[in-house]
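Report on the following structure.
The chain is numbered in sequence order, starting from 1. Counting convention: from 1, in listed order, for ligands and their atoms alike.
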Amino acid sequence: MDIKWSVLRSVRVLLALVFIVFWIGAMPTNAANYDESKIPRYVLPELLKDQDGTVIESAEQWERIRRPVILRDFQQRVYGEAPSDPESIRYRVDRVIQRALNGQATQKEIVISFSDRPDGPQMTVLLFVPAPGNQPAPAFLGLNFGGNHTIHSSPDISVTSSWVRNDEGAGIKDNRASSAHRGRAAGRWPVEQILQRGYALVTAYYGDIDPDFDDGFKNGVHSLYHAEKKPDRHEWGSISAWAWGMSRIMDYLEQDSDIDEARVAVIGHSRLGKTSLWAGARDRRFAMVISNNSGCGGAALSRRQFGETIGRINTSFPHWFCDNFSWYISREGLMPIDQHMLVALAAPRPIYVASATEDRWADPKGEFLAAREATPVYRLYGLEGIEAEELPEPDQSIGGHIGYHIRTGAHDLKLFDWERYLDFADRHFR
Ligand code: GTR
């Protein structure tokens, strides 16, 4: 009897010890690593080998066997599953200005309602179509951070009625969009250049889809699906909601005869770069994917743990991802996926990943490696990805169907980046 009890007690002590070790192992460390020599040894999960050992040898096998598993892993473990696409999308063309921006474009504003509720969430899509000549036009679709009126100083753009993200991170008080902010983000949106190159520009304020703060998923489109109960561990966080919203914009674009729906590129910067990658992975109607400085949870390999880590991002922005993602804090090596697989999900469509030299928080090298490591999937389609072994020199664009550059400078979306994306689109869309 005594022996039995002491054995039992030892087992319990042992179990408790195992638990404590596991728990400590899962705690995020605070200091970001910027030292290449301190990157943990890692092995990337294999793109072209299925869980049962099947080696993927053709594009057909990739699409039938491997791609669905990887897509599902990202859906269930990282971004979270979005509700199925609504059967009918309600949109209203609110305003059309024929000769906007000094006659350079037709401007449209389209209100998309996410539900039948008159007080339900709505998004206003701003569309500039280049002046007549080459309709239907190819388009860039990107969400914006501060409201449509911030992308250009034109007084004709409606001021968003939603609350706008607070850049200072000081809560959301007193942060309503205002006409004083017209053109504030114009540096990131070279509207005239995009139009002159023959492309349409489509944008919407990301907070119209889901406000960017951790409110327990009570607002934005989440409110329509989670009035009673917060999302399950595998259900959508904000990035997934924003990506889902981009698909709703695509629903509209398919109906607009000014836009060539077969040539729509999704683009995004930073958290919205993570979003464009996920939008392109889950919705193959997007014909091109562009990730600008998307970093952790975007193009950067998680296993490198350089700059921002899964631990840091889940602590600062837990609402961006599904709850399952936090299980991988300090357990990067246990993920069946890494971000090169997210890049590969775009195949065979052209995808461009860009970094910036000073943006170490986003791990430029990790972004480059993820882009390069997706190459084997492009090869299955007979397409060129990235052959370079090393990070290219700054300000040089490389690659075939996978494009990459590292711009000199800080975390931002600059004219230099746009020019590379426009060249890339010219190459693949024309
Ligand atoms: C940072 C975050 C990054 C990046 C960036 C942004 O604070 O750590 O992952 O997404 O925000 O979106 O501006």
Side-chain angles (χ1 to χ4, degrees), residues 28-34 74 78-80 142-147 150-151 164-172 175 184-185 187-189 203-214 220 237-243 245-246 266-280 289-322 325-326 328-329 332 338-339 342-343 353-368 370 406-407 409-414 417:
T29 43
N30 269 329
N33 174 43
Y34 291 120
F74 276 107
V78 182
Y79 306 107
L143 300 177
N144 64 71
F145 280 103
T150 63
I151 76 149
V164 162
R165 161 179 173 243
N166 190 326
D167 284 313
E168 283 69 54
I172 52 156
N175 208 30
R184 191 164 66 166
R188 284 189 179 163
W189 298 92
T203 188
Y205 170 51
Y206 80 140
D208 272 2
I209 305 166
D210 192 27
D212 189 2
F213 58 94
D214 192 7
S238 294
I239 289 176
S240 189
W242 299 324
M246 293 184 102
V266 264
I267 178 168
H269 168 63
S270 206
R271 70 198 67 185
L272 294 176
K274 309 180 208 296
T275 304
S276 70
L277 286 166
W278 182 233
V289 181
I290 299 166
S291 148
N292 191 80
N293 304 181
S294 61
C296 178
L301 292 176
S302 303
R303 278 170 172 75
R304 279 173 47 84
Q305 299 177 47
F306 187 99
E308 188 170 31
T309 58
I310 294 183
R312 292 293 290 265
I313 206 165
N314 272 291
T315 312
S316 317
F317 309 102
H319 61 292
W320 285 358
F321 304 94
C322 71
F325 195 35
S326 61
Y328 294 103
I329 295 176
E332 284 80 355
D338 210 316
Q339 302 304 107
L342 181 63
V343 177
V353 172
S355 314
T357 51
E358 291 162 22
D359 190 18
R360 297 197 309 156
W361 181 239
D363 186 12
K365 185 165 178 194
E367 295 180 313
F368 164 73
I406 174 164
R407 172 180 46 75
H411 182 72
D412 203 349
L413 173 55
K414 308 291 270 187
D417 301 305

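- With a 4.0 Å heavy-atom cut-off, ligand 1 is reached by the side chain of Lys274 but not by its N, CA, C or O.
- Residues that satisfy the salt bridge (charged side-chain N to carboxylate O under 4.0 Å, His left out) test with Arg407, not counting sequence neighbours, are Asp417.
- Residue contact check: Trp320 has heavy atoms under 4.0 Å from atoms 9 (O), 10 (O) of ligand 1.
- Counting heavy atoms closer than 4.0 Å to ligand 1, residue Glu308 contributes side-chain atoms (C-beta onward) but none from N, CA, C or O.
- Residues passing the salt bridge (charged side-chain N to carboxylate O under 4.0 Å, His left out) test with Asp210, sequence neighbours excluded: none.
- Residues Thr203 and Asn144 have side chains that bring a donor and an acceptor to within less than 3.5 angstrom of each other.
- Between Trp361 and ligand 1, at least one pair of N/O atoms sits closer than 3.5 Å.
- Residue Ile313 touches ligand 1 through its side chain alone, judged by heavy-atom distances below 4.0 Å.
- Side-chain contact check for His319 and Asp214: no donor-acceptor pair (N or O, by modelled atom type) lies under 3.5 Å.
- Checking Leu342, Leu272, Leu277, Val353 one by one against Ser294, the side chain to side chain contact (heavy atoms under 4.5 Å, CB included) holds for a single residue, Leu277.
- On a distance-only criterion, Ser270 and ligand 1 share at least one N/O pair closer than 3.5 Å.
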